[in-house]
Q: 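Pasting a structure here, questions to come.
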Amino acid sequence: MAKEKHSHPASVRARVEFRPGDRLTDRDPADISLAPGDHLATAFAEKVLLAELAVWQERLYAEGLGGGRRALLLLLQGMDTSGKDSTIRRVVGGVNPAGVRITSFKKPTVEELAHDFLWRVERQLPAPGGFDVFNRSHYEDVLVVRVHNLVPAAEWTRRYGLINEFEQRVVDSGCHIVKVMLHISKAEQRRRLGERLNDPVKQWKYSPADLAERALWDEYQLAYQAALTTCSTDAAPWYVVPADHKWSRDWIIANLLVDAMRDMQPQYPPPNYDVAEQKRLLAASD
Ligand code: AMP
Ligand code: MG
């Protein structure tokens, strides 16, 4: 498939990748320099990428039906209002819904809490051929859980290693993982929370609890830093996507997904019937 003219996928991916040793404070949430042009040019480039993504996704789905084991998982993390839902709507909304599954991880239920923290995640992993999205994930178990001391420090500390082992196993089983942190600034969060409060059709998205979490902003950034550093692995690297500007954010994520698919090169399965014979039979039918 031809590469999209305006984009430089390899360099974009390399520029948003988070490597052990990198610092989150060095990443500018308002950076728009990765986008291929201004708002309009980028929106157009995004359309082209999403059309390509839709074709790849159909191929992946067909490959799975044909017995292939591979799948693609987009994992989204980010502070409140960072745009997890709207990213899913905008970037994932364009592909064939038959092959897509979206899972939102909320506060664990009593049943979920009775199990290991990875239990509920394992059960939602994509089926072969699937293109799945995690809206929040097992990383909550080293983010909100760490910030609020929901389990003893000794417990959340050992989770980083368990997460790395888990993700390695998932990747080895054929599932490609794209882990994205939607990185917004504290000022942009204030603006977005204000938007929710000021607009009657957005007030349902606001919760007074959001302000309590906002007050813990610095603690969350430290917890993110630890998760990004410890769990950005060769098998499943983290990408920190500047997310103050939605148009640039969406293009970067479309780019990461198309890049992943180009690496995977999913293939339509060969027909499991004799095409020539079926053509003859069709011609002979009335
Ligand atoms: P929302 O994404 O706005 O629907 O909120 C989901 C809430 O569930 C967030 O406040 C998360 O921090 C919380 N949550 C998700 N996973 C966990 C977890 N493992 N432990 C505690 N809280 C969680
Ligand atoms: Mg919320």
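Numbering of ligands and ligand atoms starts at 1, following listing order.
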Q: Among Lys107, Glu112, Lys106, which one puts a heavy atom closest to atom 4 (O) of ligand 1?
A: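 The nearest heavy atom belongs to Lys106.
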Q: Please answer whether the main-chain N or O of Asp141 pairs with a side-chain N or O of Arg159 as donor and acceptor at a distance below 3.5 Å.
A: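 Checked: pair present.
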Q: Centre of Phe105's six-membered ring, under 6.0 Å away, within 45 degrees of the axis: is that where NZ or CZ of Arg120 sits?
A: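 Because its charged atom misses either the 6.0 Å distance or the 45° angle limit, Arg120 does not stack over Phe105.
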Q: Should you measure from each heavy atom of Val145, which atoms of ligand 1 turn up under 4.0 Å away?
A: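 The list of qualifying atoms is 20 (N).
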Q: Tell me which protein heavy atom sits closest to atom 22 (N) of ligand 1, plus the residue, atom name and distance to 0.1 Å.
A: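 Looking at atom 22 (N) of ligand 1, the protein heavy atom closest to it is Val144 CG1, 3.5 Å.
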Q: Can you say whether the rings of Trp247 and His39 are parallel (under 30°), tilted (30 to 60°) or perpendicular (over 60°)?
A: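 Aromatic pair Trp247/His39 classed parallel.
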Q: Does ligand 1 come near enough to Asp141 that some N or O of the ligand is less than 3.5 Å from an N or O of the residue?
A: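 Right, the criterion is met.
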Q: What I want to check is whether the side chains of Gln168 and Asp172 have a donor and an acceptor closer together than 3.5 Å.
A: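 Short answer, yes.
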Q: Below 3.5 Å, N or O to N or O, backbone or side chain included: is there any such pair between Asn135 and ligand 1?
A: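 No - when backbone and side-chain N and O of Asn135 are compared with those of ligand 1, no distance drops under 3.5 Å.
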Q: Which residue supplies the protein heavy atom nearest to atom 20 (N) of ligand 1, what is that atom called, and how far is it?
A: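 Of every protein heavy atom, Pro108 CD, 3.3 Å lies nearest to atom 20 (N) of ligand 1.
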Q: When you measure from atom 12 (O) of ligand 1 to every protein heavy atom, which one gives the shortest distance, and what is it?
A: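 Protein heavy atom at minimum distance: Glu140 OE1, 3.1 Å.
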Q: Does any donor atom in the side chain of Thr42 or Glu46 lie under 3.5 Å from an acceptor atom in the other side chain?
A: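 The criterion, which ignores hydrogens and geometry beyond distance, is not satisfied for Glu46 and Thr42.
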Q: Below 4.0 Å from any atom of ligand 1, is there a heavy atom belonging to Arg120?
A: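 Within the 4.0 Å threshold, so yes.
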Q: If you count the non-hydrogen atoms of other residues, nucleotides and ligands that lie under 6.0 Å from NZ in Lys186, is the total more than 12?
A: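 More than 12 heavy atoms, drawn from other residues, nucleotides or ligands, come within 6.0 Å of this atom.
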Q: Okay, side chain of Lys84, backbone of Gly78: is any donor-acceptor separation there less than 3.5 Å?
A: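 Here the side-chain-to-backbone pair exists.
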Q: Write out the residue and atom name of the closest protein heavy atom to atom 2 (O) of ligand 1, then the distance separating them to 0.1 Å.
A: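 Among all protein heavy atoms, the one nearest atom 2 (O) of ligand 1 is Arg136 NE, 2.7 Å.
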